[in-house]
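The figures that follow rest on heavy atoms only: side chains count, while hydrogens, waters and symmetry mates do not. Since the structure is predicted, the reported quantities are computational estimates derived from the model, not experimental observations. Start at 1 and go down the list; that is how both ligands and their atoms are numbered.
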Amino acid sequence: MRILIVEDNKVSSKIMERILSAYGECITADNGDDALKIINNSLDNSNYFDLIFLDIMIPNGDGKMVLSSIRTLEKKRQCETIARIIMTSSLDDSKTIIDAFSEKCDAYLVKPISKDDILAELKKLDFI
Ligand SMILES: [Mg+2]
């Protein structure tokens with residue numbers, strides 16, 4: 001599977017990449033603009049991401065904006081593959097979490113995120 005990791009903390013990004021590379025090809029982005037560019041390219045080439053980890057607090061546009069942009073693009077282009085999107089954040093207030101689900105994320109992980117947290121989500125989403 002193809003996995004996109006959007007995370008501006010380099011250490012966290014590396015750790016996630018190390019864990020997730022056992023399950024698929026990982027691409028990383030550290031800001032909102034780059035994430036959307038990568039996603040647009042993947043849609044242009046029908047080289048869809050199956051799974052996206054999306055940090056909420058990132059430079060050049062936040063994760064919520066990226067999430068709603070992805071869902072709008074998928075709808076507009078009538079994509080056959082809809083990415084499963086896992087939000088990641090240290091924000092754990094209910095409004096932020098409810099907002100993320102209303103923008104159609106699939107899961108929400110509160111930081112710090114362990115390997116077990118990631119593997120549990122992969123299982124829940126039927127990737128492993
Ligand atoms: Mg961040």
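Among heteroatoms of the N, O or S kind in D55, OD2 lies nearest the Mg ion (ligand 1). The atom of D8 that is an N, O or S and sits closest to the Mg ion (ligand 1) is OD1.
At least one donor-acceptor pair under 3.5 Å links the side chain of T72 to the backbone N or O of S68. In this structure, S42 contributes its side chain and I39 its backbone to a donor-acceptor pair below 3.5 Å.
In summary, S89 places no N/O/S atom under 2.8 Å from the Mg ion (ligand 1), failing the contact criterion. Put simply, E7 stays out of reach of the Mg ion (ligand 1), with no N, O or S atom under 2.8 Å from it.
Neither side chain, T96 nor D99, offers a donor N or O lying under 3.5 Å from an acceptor on the other.
Taking 4.0 Å as the cut-off between side-chain N and carboxylate O, D44 and R77 count as a salt-bridged pair.
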